[in-house]
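Beneath this line is the structure, given in structure tokens, with notes to follow.
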Protein chains: 2
Amino acid sequence: MNGRTGTPVTIGAMESSSTTPGGSARREATRQKLYEAAVTLIAEQGFSATTVDEIAERAGVAKGTVYYNFASKSVLFEELLRHGVGLLTASLRQAAETTAAEGGSRVDALDAMIRAGLVFIDRYPAFTQLYVAELWRTNRAWNSTLLVVRQQAVAVVEGVLHEGVAQGEFSEEIDVPLTAAALVGMVLVAALDWKSFQPGRSLDDVHAALSRLLQGRVSGRR
Amino acid sequence: MNGRTGTPVTIGAMESSSTTPGGSARREATRQKLYEAAVTLIAEQGFSATTVDEIAERAGVAKGTVYYNFASKSVLFEELLRHGVGLLTASLRQAAETTAAEGGSRVDALDAMIRAGLVFIDRYPAFTQLYVAELWRTNRAWNSTLLVVRQQAVAVVEGVLHEGVAQGEFSEEIDVPLTAAALVGMVLVAALDWKSFQPGRSLDDVHAALSRLLQGRVSGRR
DNA sequence: GTTTTTGCACTGACCAGTCAGTTCAAGTTA
DNA sequence: TAACTTGAACTGACTGGTCAGTGCAAAAAC
């Protein structure tokens, strides 16, 4: 119900990529409501500070329903993570492919991916916030989930960098994994900062600033 | 004591910038131990998931001592934040000033600040992790503390960018606040990724990759 | 003799997870 | 089409445990 009637504001409203193939429509709708409630609360307060009662209340559902749909609080969170990063990587990959199909260069592809990242964060700020807050934590139950999920996202950027180097478009001296991490970080942090501290700026402004940095037009010389 | 006898591993070993001017040496030593214990535990587990008993135990101190030295768990955390960011900004500022004194350009200053940031993160990874995890959270008790503390750090970078633009070294079209945020993000995320997922790489490797990105040697054209 | 630390028992609030019971919706039968 | 059946989905009071913070007398450090 929720996913179809309004503009999606949080990750909860993402299309169901069949988390549970046999799930009924009713059940799926309930899960969506729970995702949506959980993502904002956890982004604001953190995982441990968010109670299952709060999630249930915000979703307009009884506490028991949470446990009917998810084995535990952590499992709910892990599925939320998988859900969100799946959408992000799909979006990045599509940006890269579209650019390639239109005959753009690898720099154009990176640029398109930066924009895709910004659009995603613009749409699902709470999810992004939560992802960044949890990514580098060690010793948590969902750590392995995060590792996989991070690798998925970074791999898309690394792919484009590798292609660029192979075709001589990028310098051979670049360090692909480190550069990919730096690029992802640049986008994540700039976007979160934009949302939190400079919300008046347009997406285009942010994109332009990052684009300039990528293309060495800030301090390029040599 | 710790700051002089061995290689400091966590923020707890930072020089005391006189949090409480009247504090005795003994008291200050206890506080340091508590900072050190708290920063690693909170980085690993998050604020809410870390108990006061754990902090006391890791610091080798009785629980009552925690409350003798800090009004509450949150206050301990806030003072920890102020402590850490103070050191970071001091380090950044010094890098910029040293470069200027040696007659370096503004790009050199940015480069030196990137290295200073990396050195800091290398030394105090737990603090950095915790900072990133909390920075964009809203509705937390220590939110105002974080805001001030972020502004301090970003302002140093903005200062160098402004100077560079004023002197014609950087393009006038750059967006100073956004670019500063992006640069800080680039360093933070690349460094955390380095520590978590590519710990084998040297600081110089990471610095070189970021430097290249800054100077447009990845995809510079135009 | 004053400041700081210790050790530990205690309280009151809070919270993850459970479970016996209720409601819903999609049949099936008459 | 109305009455009945069934299993899936949902409910919310309850439980057992945890944890921030307190209080205090005695010991240690300075």
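In what follows, chains carry the letters A, B, and so on, assigned in the order in which the sequence lines appear, proteins first and then strands, with residues in each chain numbered from 1.
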Roughly how many Å is it from [atom1] in [X] to [atom2] in [N], rounded to a whole number?
| X | N | atom1 | atom2 | value |
| --- | --- | --- | --- | --- |
| A/I55 | D/dG12 | CD1 | P | 17 Å |
| A/R31 | D/dA8 | CZ | C1' | 13 Å |
| A/Y68 | C/dA20 | OH | P | 16 Å |
| A/K33 | D/dT11 | NZ | C1' | 13 Å |
| B/E57 | C/dG7 | CD | C1' | 14 Å |
| A/L76 | C/dG17 | CG | P | 11 Å |
| A/F70 | C/dT18 | CZ | P | 16 Å |
| A/L34 | D/dA9 | CG | C1' | 13 Å |

Handout entry: Per A/R26 side chain, nearest of listed nucleotides C/dT4, D/dT11, D/dC10
Key =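 Selected nucleotide (nearest to the side chain): D/dC10.
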Problem - Heavy-atom side-chain contact between B/L87 and B/Y124 under 4.5 Å - result: yes
Practice task
Could you tell me whether the side chain of A/F77 reaches within less than 4.5 Å of the side chain of A/I55, counting heavy atoms only?
Solution key: no
Exercise for the section: Would you kindly say whether A/R137 and A/N143 are connected by a side-chain donor-acceptor distance under 3.5 Å? Expected result: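 There is no such pair (donor and acceptor under 3.5 Å, judged by atom type) between the side chains of A/R137 and A/N143.
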Exercise for the section: State, without any angle test, whether B/T30 and B/N69 hold a side-chain donor-acceptor pair at a distance under 3.5 Å. Expected result: no
Handout entry: Test log, rule salt bridge (charged side-chain N to carboxylate O under 4.0 Å, His left out), inputs B/D193 and B/R201
Key = CA-CA 11 Å; B/D193 240 76; B/R201 315 303 300 272; over 6 Å; no
Practice task
Ignoring backbone atoms, establish whether A/T65 has a side-chain N or O less than 4.0 Å from OP1 or OP2 of D/dT11.
Solution key: yes
Practice task
Establish, yes or no, whether a centroid distance under 6.0 Å links the rings of A/Y35 and A/F127.
Solution key: no
Practice task
Tell me what A/V66 touches on the nucleic acid: a base, only sugar-phosphate, or nothing, going by heavy atoms under 4.0 Å.
Solution key: nothing
Problem - NZ or CZ of B/K73 within 45° of B/F47 ring axis and under 6.0 Å - result: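 Yes; both conditions hold, so B/K73 lies above the ring face of B/F47.
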Dump every N/O contact between nucleotides 16-22 of chain D and the protein below 3.5 Å, one line per pair.
unit_1 : atom_1 : unit_2 : atom_2 : d
D/dA20 : OP1    : B/T50  : O      : 3.4
D/dA20 : OP1    : B/K73  : NZ     : 3.3
D/dA20 : OP2    : B/V52  : N      : 3.1
D/dA20 : N7     : B/K63  : NZ     : 3.4
D/dG21 : OP2    : B/Y67  : OH     : 2.9
D/dG21 : OP2    : B/K73  : N      : 3.2
D/dG21 : N7     : B/K63  : NZ     : 2.9
D/dG21 : O6     : B/K63  : NZ     : 3.1

